[in-house]
Amino acid sequence: MINALRGTKDILPDEISLWQRIEAIGRDIFNIYGYKEIRTPIIEEASLFIRSIGDATDIVQKEMYVFSDRGNRIIALRPEATASIARAYIENSLFQAGGIAKLFYIGPMFRSERPQQGRQRQFYQIGVEAIGSDNPFIDAEVIALSARFLERLGVKKFHVKLNSLGCQKDKIRVMEKHKESFRPYLEKLCETCKNRFDKNVLRIFDCKEDSCKSIAQNVEAESALCSDCAGHFEKVKVGLNAIGIEYTVDNKIVRGLDYYTRTVFEITQESLGAKDAICAGGRYNNLVKELGGKDTPAIGFAFGMERLTLALDKAREVKIVRCKVNTFVAVTGDALYNEAFKLLDSLRMAGISSEIDYDTKSLKAQMRKAEKLGAKFVVILGEEEFKNKKVVIRDMENSSQKEVVLEDIIKEYSLILSTP
Ligand code: HAM
């Protein structure tokens, strides 16, 4: 009798409808936020992950499935998808389309971890990557998307934890501070962590040994951001506050992969306990460049599908709000950007697929972009109209436009959409 390998599972017909529902809601909400699907190979050159994730990480040191193929190439089963997508972005010149490449993926990943509830050796991730902008509002968008996805699924009692690791220089400073905090406990750390202390002190926070975990819990984690990175982090929070996404700032969120810079976040959920994240992500502004591409900032997240199925309130019937229409939110001037971001969020919450320009160019350039995206409507936030709490809806098909009260915009949409 041959059984499934330890840490792998068959997903049987009885369970599959739950998986399909999660995937369908994921595809729908990603579409509303403008993310398109990408599928990359399950096998890659092992060096892709060693360079991206970092050779001092648990994933690379202990968990990656690596083998040499018949041509003696060193191959890895992907332990995650971000590095593969950064590679695909460069290799297929996805930057040529201009703007931000917004991508999502669903698929199996492989890590040789000790199996337990919600932790497997073959597990599935559903995630997004937004490549090509350092605008803090895109951080807010990505984090909001993860929270809205959970809301749509009917997952309750989740908690978003947020931090900023800063730029490369800040990270070095942060690591020095952490080294000073861990130094008094150096002798009490496990052998691996003693090594991590010199090689990459942040990795001590990932240690699964009880003694190291309790030391890590007790050390002070001071933030050491330069003014640029501190300003960026403040704006991420402003964006999240504007659309009512709840979070707490936790300086100990350092993430288990080395490519992160600036914003990092994790989501925990009550039924999984505080230690296992249901979702995790962050910025990786240097990765594309390190893999041979141009200097390209990026951010993304991944959910563990098995953990999502565990967290899902199975009794609740989840309705899929079908994506309705393409709208572009255009804004005149930086001062109204926050309002435009709020409007964008409410349109998306109503199931209306909507986009904004994160480069905040001229109105003319935004209209061109709307056309390029095939938007059916453009909602324009102009300074004059906004003083009277009004916006303009422009129908791109017949070039007509009308002024509507901002508060009534969703109602207005229902009207437009119900008119044959
Ligand atoms: P990660 O924290 O390594 O990040 O994994 C993301 C999520 O995948 C975890 O929060 C968890 O839900 C799930 N997961 C990880 N390992 C396992 C496992 N052995 N069994 C079951 N579920 C697991 C990443 O992978 C990054 N690529 C996320 C990202 C995307 N960052 C930027 N873009």
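In what follows, every heavy atom counts, from backbone to side chain, and hydrogens, waters and symmetry copies are set aside. Counting convention: from 1, in listed order, for ligands and their atoms alike. Numbers here are sequence positions counted from 1.
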Where is the nearest protein heavy atom to [atom]: which residue, which atom, and how far?
| atom | answer |
| --- | --- |
| atom 13 (C) of ligand 1 | G304 CA, 3.6 Å |
| atom 8 (O) of ligand 1 | Q125 NE2, 3.1 Å |
| atom 20 (N) of ligand 1 | Q120 N, 2.9 Å |
| atom 1 (P) of ligand 1 | R255 NH2, 3.5 Å |
| atom 14 (N) of ligand 1 | F123 CE1, 3.5 Å |
| atom 7 (C) of ligand 1 | A302 O, 3.6 Å |
| atom 33 (N) of ligand 1 | E129 OE1, 2.8 Å |
| atom 31 (N) of ligand 1 | Y260 OH, 2.6 Å |

Shortest heavy-atom approach to atom 30 (C) of ligand 1 - which of T268, T82, T57: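 Checking each option, the heavy atom nearest atom 30 (C) of ligand 1 is found in T82.
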Residue selection (non-hydrogen contact nearest atom 21 (C) of ligand 1) among G118, G282, A298: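 Going through G118, G282, A298 one by one, G118 has the nearest heavy atom to atom 21 (C) of ligand 1.
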Only one of Y35, F30, Y33, F104 clears ring-ring contact (aromatic ring centres under 6.0 Å, His included) with F149; which?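 Going through Y35, F30, Y33, F104 one by one, the ring-ring contact (aromatic ring centres under 6.0 Å, His included) with F149 is satisfied by F30 alone.
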Against ligand 1, does C279 come closer than 4.0 Å with any heavy atom?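 Yes; C279 lies near enough to ligand 1 that a heavy-atom distance drops under 4.0 Å.
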Looking at ligand 1, does Y259 have a heavy atom less than 4.0 Å from it?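 Per 4.0 Å heavy-atom rule, Y259 contacts ligand 1.
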Given F95 and Y89, is the ring pair (Phe, Tyr, Trp, His ring centres under 6.0 Å) satisfied, shown in steps? CA-CA 7 Å; F95 45 85; Y89 174 85; 5.7 Å; yes
Between R119 and ligand 1, which part of the residue brings a heavy atom under 4.0 Å of the ligand: side chain, backbone, both or neither?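 The answer is both, backbone and side chain.
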H159 and T248 side chains, donor-acceptor separation under 3.5 Å: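 Present: a donor and an acceptor within the cut-off.
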Evaluate the side-chain proximity of N135 to Y337: yes if any heavy-atom separation is below 4.5 Å, no if none is.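 Answer yes - side chains close enough.
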Looking at side-chain heavy atoms only, is the closest gap between I100 and I131 below 4.5 Å?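 Side-chain contact under 4.5 Å: no.
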Can you list everything that forms a ring pair (Phe, Tyr, Trp, His ring centres under 6.0 Å) with F197? Sequence neighbours excluded, please.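 Here no residue qualifies.
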Whether over 12 other heavy atoms sit under 6.0 Å from R39 CZ: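 Counting other residues, nucleotides and ligands, CZ of R39 stays at 12 neighbours or fewer.
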Contact check: L257 vs ligand 1, nitrogen or oxygen atoms, below 3.5 angstrom: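 Looking only at distances, the answer is no, because the N/O contact criterion of under 3.5 Å is not met.
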SB check R173 D170 (cutoff 4.0 Å):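 Counted as a salt bridge, because a side-chain N and a carboxylate O are separated by less than 4.0 Å.
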